[in-house]
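Reviewing the structure listed below.
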Amino acid sequence: MDVSEVSGVPPWFADHLREEGIESLYPPQAAAVDAGVADGESLVASVPTASGKTLVAQLAMLSAIDRGGTALYIVPLRALASEKREEFAAFEEYGLSVGVTTGSYEDTGEWLADKDIIVATSEKVDSLVRNGAPWIDDLDCVVADEVHLVDDEHRGPTLEVTLAKLRRVNPNLQVVALSATVGNAGEMAEWLDAELVDSSWRPIELRKGVHYGQALHFGDGTQQELPVQRTEKPTEAVVRETLDEGGSTLVFVNSRRNAEGAAKRLAKTTVDGLDADERAALSSLAEEIRAVSDTETSDDLADCVEQGAAFHHAGCSSEHRSLVEDAFRDRLIKTICATPTLAAGVNTPARRVVVRDWRRYSGDAGGMQPLSVLEVHQMMGRAGRPGRDPYGEAVLLADSHDELDELLDRYVWADPEPVESKLAREPSMRTHLLATVASGFADSRSALLSFLDRTLYATQYRHGDGEDNLERVVDTTLSYLETNGFIDRDGDAIEATDLGHTVSRLYLDPMSAAEIIDGLADAASPTAMGLYQLVARTPDMYELYLRSGDREEYTMLAYEREAELLGELPSEFEEGRFEDWLSALKTARMLEDWASELDEDDIAERYGVGPGDIRGKVDTAEWLLGAAESLASEQDLADVSAIREARKRVEHGVGEELIDLAGVRGVGRKRARRLYDAGIETRADLRNADKSVVLAALRGREQTAENVLEAAGHQQPEMDGVTPDADVKESAAAAGTDDGQANLGDF
DNA sequence: TAAAATAACGTCTAGACAGCATGTC
DNA sequence: CTAGACGTTATTTTA
């Protein structure tokens with residue numbers, strides 16, 4: 001089908017596509033048009049990665065906008081929100097406006113209601129619905145990207161319930177659900193009352209196979225020689241061979257340590273194939289990586305990158321990750337060894353994909369578990385760069401004949417599992433039942449049940465795919481919510497209490513709220529440590545692992561600082577609770593270290609985490625402390641200013657005395673400390689400071705000093721002719737570090 | 001006797017959304 | 001109910 005044959009979309013769109021080199025639609029896209037995506041018809045598109053899902057979404061959104069409507073694009077990750085925003089930015093020259101909103105980032109200036117297209121994460125949409133954002137009622141088209149994630153135990157129910165709410169508010173809403181190929185696309189279509197396009201067509205061929213011995217065994221029965229030398233491992237052989245053909249390789253492994261280890265080994269392979277230009281470009285990239293953060297992870301990554309290899313996992317900071325992704329797309333980095341972060345994240349296609357580990361440790365299951373077919377297919381789907389490679393190849397590795405057969409059976413020839421609603425699990429129920437009641441979607445038990453009838457769970461139950469736990473879980477959850485004062489019940493009727501409304505609005509898990517309220521209730525003026533431990537033991541915070549030896553260390557710490565900890569220390573004999581308490585304590589001490597200006601690399605080493613983990617914990621703590629602050633002031637619980645101070649301290653990573661200074665733009669934890677040690681203790685001091693002292697404290701960086709003074713509101717920030725004051729000494733704390741600012745910025 | 005090969009043992013284990021009010025180097 | 005890769009240290013084998 002030619003692009004100009006599509007009716008319903010604005011006329012410029014065909015021209016725009018032709019400019020991009022797109023003349024005709026791919027078969028699944030044509031099928032979507034035939035199904036009516038451009039005429040407001042709802043659609044489930046279950047198609048492989050890189051087969052043009054985004055264009056289907058664009059057809060739907062643009063035709064809706066052409067009819068005078070607005071569109072919402074829901075993504076599962078913040079990184080994807082920015083990626084989509086970039087993609088849609090091209091429409092701005094045709095007069096459309098695009099906005100993004102996620103928890104950490106809101107589009108500048110204008111209110112989102114003015115936008116034609118809004119990109120948001122599913123949680124953000126949920127939150128906006130709860131808070132009654134006005135434009136939610138005026139949506140005409142909603143695109144849900146990666147909708148197979150409704151299968152996810154933690155975040156799936158949010159998407160499921162949010163879609164149900166959006167459809168309830170806008171009865172004529174067009175829903176376009178984009179999914180990877182799954183086992184039950186038809187069921188999803190039934191749930192959403194949508195047409196179905198279920199296709200395995202790909203623009204470039206993807207050959208899936210298993211490497212065993214000296215050859216690749218493809219699913220279609222063909223074989224291809226791929227010799228492994230005696231000194232190397234199969235992964236190295238694949239990378240080497242791909243490199244010889246001028247292609248890059250993505251290697252998926254099952255742990256961070258393996259990712260780093262494999263990257264270090266593969267660097268020895270990739271380094272041989274680099275030309276002089278590449279070496280130069282890579283070494284400047286390595287410098288950029290080193291500058292991101294002064295940690296071992298950062299150095300290790302830079303060392304690999306210099307040789308053309310990289311690792312990628314959640315311990316890397318977001319800057320690390322995007323630098324690596326970009327360089328891989330530019331074909332500068334030849335191989336990335338990654339944990340599943342990369343499979344779900346932004347687009348990083350490669351000639352070959354190696355799924356090295358097909359089992360992963362799972363604490364719940366008590367051992368190594370095979371990955372799901374869906375997940376392996378998602379990884380494999382990264383093979384083949386449209387317009388660049390003639391085909392993509394994705395291989396698993398076997399080291400016995402039996403394993404070869406098993407892998408072919410299990411992953412190469414297998415169809416992905418059906419996606420299964422996880423709605424009827426208590427943790428998500430707590431949150432969503434409260435939110436549904438609080439935001440007025442249901443005012444009784446029966447209304448709640450009939451609302452839940454619009455979910456995938458109900459559709460699947462009707463098919464007899466599982467027993468109906470829903471009613472039972474609803475009842476236990478409602479009594480939990482009632483006991484803890486989030487709702488009031490009167491017979492069938494249900495009403496959210498003031499507290500319930502607040503908790504729903506704050507986007508807190510009610511159990512977290514209960515824990516916080518309980519903890520604050522018995523401490524009038526809590527310490528920072530106490531507050532950190534309190535929010536760390538909340539279900540909204542993933543705690544740090546307790547490693548061997550930690551148990552002892554943190555048990556001692558728990559008794560040492562028992563007076564500060566909020567709530568009652570569980571008994572050592574309550575295995576689970578005590579362990580949780582200790583890992584929360586470990587997390588808390590990490591936050592305390594951060595808020596005591598300990599260097600990032602010291603924290604990384606002390607807790608065995610990467611810069612990305614520190615950032616994550618700090619972020620979550622900041623958010624939860626903000627929520628605690630709201631709860632404390634509304635419920636009149638504890639000293640609100642103590643909570644605010646603890647929050648400010650994690651936010652900036654500084655001691656109490658630096659909070660004021662660190663609030664100045666351009667002043668982070670390191671610069672604030674230097675200024676303070678030079679006698680400039682507050683924002684007001686800075687405003688009236690002696691310029692030569694400021695310059696000396698900032699180690700003679702004139703431009704920096706000028707910017708800082710300007711941000712503080714100094715009368716004459718210009719530094720011309722100012723010489724550093726010789727009396728200002730390097731403080732011990734600040735000495736030795738390079739550039740000053742601790743870098744924990746967002747991407 | 002020292003170095004190298006091998007066995008035994010211990011450790012560790014993926015990911016990442018959200019409030020609110022304004023501005024990171 | 002369920003594991004396996006990797007690093008470190010102890011033990012045996014080899015030159």
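Chain naming here is simple, since letters A, B, ... match the order of the sequence lines and numbering starts at 1 in each.
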Within this structure, what is the CG-to-P distance between A:L434 and B:dA18, rounded to whole angstrom? 19 Å
Look at all strands and tell whether A:G616 reaches a base, only sugar-phosphate, or nothing, counting heavy atoms closer than 4.0 Å. nothing
Looking at B:dG23, which nucleotide sits across from it as a Watson-Crick or G-U wobble partner, both distances under 3.5 angstrom, or is there none? none
Nearest to side-chain heavy atoms of A:P340, which nucleotide of B:dG23, B:dA14, B:dA16: B:dA14
Base, sugar-phosphate, or nothing: which does A:T102 touch, judged by heavy atoms less than 4.0 Å apart? sugar-phosphate
From the options B:dT13, B:dG19, C:dA5, select the nucleotide whose nearest atom is closest to the side chain of A:N258. C:dA5
Could you state the atom-to-atom distance from CD of A:E543 to P of B:dT13 in whole Å? 15 Å
Rounded to the nearest 0.5 angstrom, the CG-NZ distance for A:L698 and A:K670 is 14.0 Å
Which of B:dG15, C:dG7, B:dC17 is nearest the side chain of A:E123? It is B:dC17
Of the options B:dT13, B:dG15, C:dA5, whose atoms approach the side-chain atoms of A:A314 most closely? B:dG15
Please answer whether B:dG19 and A:Y507 are stacked, defined here as ring centres separated by less than 5.5 Å and planes angled under 30°. no
Nucleotide nearest A:R256 when distance is taken to its side chain, options C:dG7, B:dG15, B:dT24: B:dG15
Picking from C:dT2, C:dC6, C:dA3, the nucleotide nearest the side-chain atoms of A:M368 would be C:dA3
Straight-line distance of A:H313 NE2 to A:N258 CG, nearest 0.5 Å: 10.5 Å
Side-chain H-bond candidate by donor/acceptor type, A:E123 with A:T121, under 3.5 Å: no
A:S127 side chain, from C-beta outward: closest of B:dT13, B:dC17, B:dA18: B:dA18
Under 3.5 Å, is there a donor-acceptor pair between the side chain of A:W358 and the main chain of A:L371? no
On DNA chain B, does the nearest nucleotide to A:G315 precede the nearest nucleotide to A:T101 from the 5' side, or the other way round? Give the residue. A:G315
Let me know the distance between CD of A:E403 and P of C:dA3, rounded to the nearest Å. 15 Å
In whole Å, measure the gap between the P atoms of B:dA14 and C:dA5 for me. 15 Å
State the pairing partner of B:dA18; accept Watson-Crick or G-U wobble contacts with both distances under 3.5 Å, and report none otherwise. none
Heavy atoms only, 4.0 Å cut-off, all strands: where does A:H154 land among base, sugar-phosphate and nothing? nothing
A:S317-A:H320 side chain donor-acceptor pair, cut-off 3.5 Å: yes
Do the side-chain N and O atoms of A:H312 and A:E325 include a donor-acceptor pair separated by under 3.5 angstrom? yes
I'd like to know whether CD of A:E296 has more than 12 heavy-atom contacts from other residues, nucleotides or ligands below 6.0 angstrom. no
Length of the line joining A:H312:NE2 and B:dA14:P, which is rounded to integer Å: 15 Å
Test your reading of the model: is there a side-chain donor-acceptor pair from A:E160 to the backbone of A:L456, 3.5 Å cut-off? yes
When you measure from the side-chain N and O atoms of A:R78 to the phosphate of B:dA18, is any distance below 4.0 Å, counting only OP1 and OP2? yes
If you check the A:S548 side chain, which of B:dA18, B:dC17, B:dC12 turns out closest? B:dC12
Is there a side-chain contact between A:T341 and the phosphate of B:dA14, meaning an N or O under 4.0 Å from OP1 or OP2? no
Can you check the A:K617 NZ to B:dC17 C1' distance for me, whole Å? 13 Å
Contact class for A:D357 (heavy atom, under 4.0 Å): base, sugar-phosphate, or nothing? nothing
Straight-line distance of A:R321 CZ to A:L301 CG, nearest 0.5 Å: 12.0 Å
Nearest-nucleotide check on DNA chain C, A:D399 vs A:A365; residue mapping nearer the 5' end is A:A365
To the side chain of A:R665, which of B:dC20, B:dT13, B:dT24 is closest? B:dT24
Can you work out whether A:K124 or A:S255 has the more 5'-proximal nearest nucleotide on DNA chain B? A:S255
Kindly compute the distance separating OH (A:Y607) from OG1 (A:T587), expressed to the nearest 0.5 Å. 9.0 Å
Just checking A:N707: base, sugar-phosphate only, or nothing, at a heavy-atom cut-off of under 4.0 Å? nothing
Whole-Å distance between B:dC17 C1' and A:E153 CD? 15 Å
For A:E629, report the nucleic acid contact type (base, sugar-phosphate, nothing); a contact means any heavy atom under 4.0 Å. nothing
Quickly work out the A:R360 CZ to C:dA3 P distance and round it to whole Å. 17 Å
Stem ranges of DNA chain C by first residue number, counting only runs of at least 3 Watson-Crick or G-U pairs under 3.5 Å, come to B:1-13 with C:3-15
Looking at A:R359 and C:dA3, is any side-chain donor or acceptor paired with a base atom of the opposite kind under 3.5 Å? no
Side-chain contact check for A:D540: nearest option of B:dA18, C:dC6, B:dA16 is B:dA18
Identify whether any heavy atom of A:L77 sits under 4.0 Å from a base atom; if not, whether one sits that close to sugar-phosphate; answer base, sugar-phosphate or nothing. sugar-phosphate
How many Å lie between OH on A:Y105 and C1' on B:dC17, as a whole number? 18 Å
Check whether any side-chain nitrogen or oxygen of A:S122 sits under 4.0 Å from OP1 or OP2 of B:dC17, and answer yes or no. no
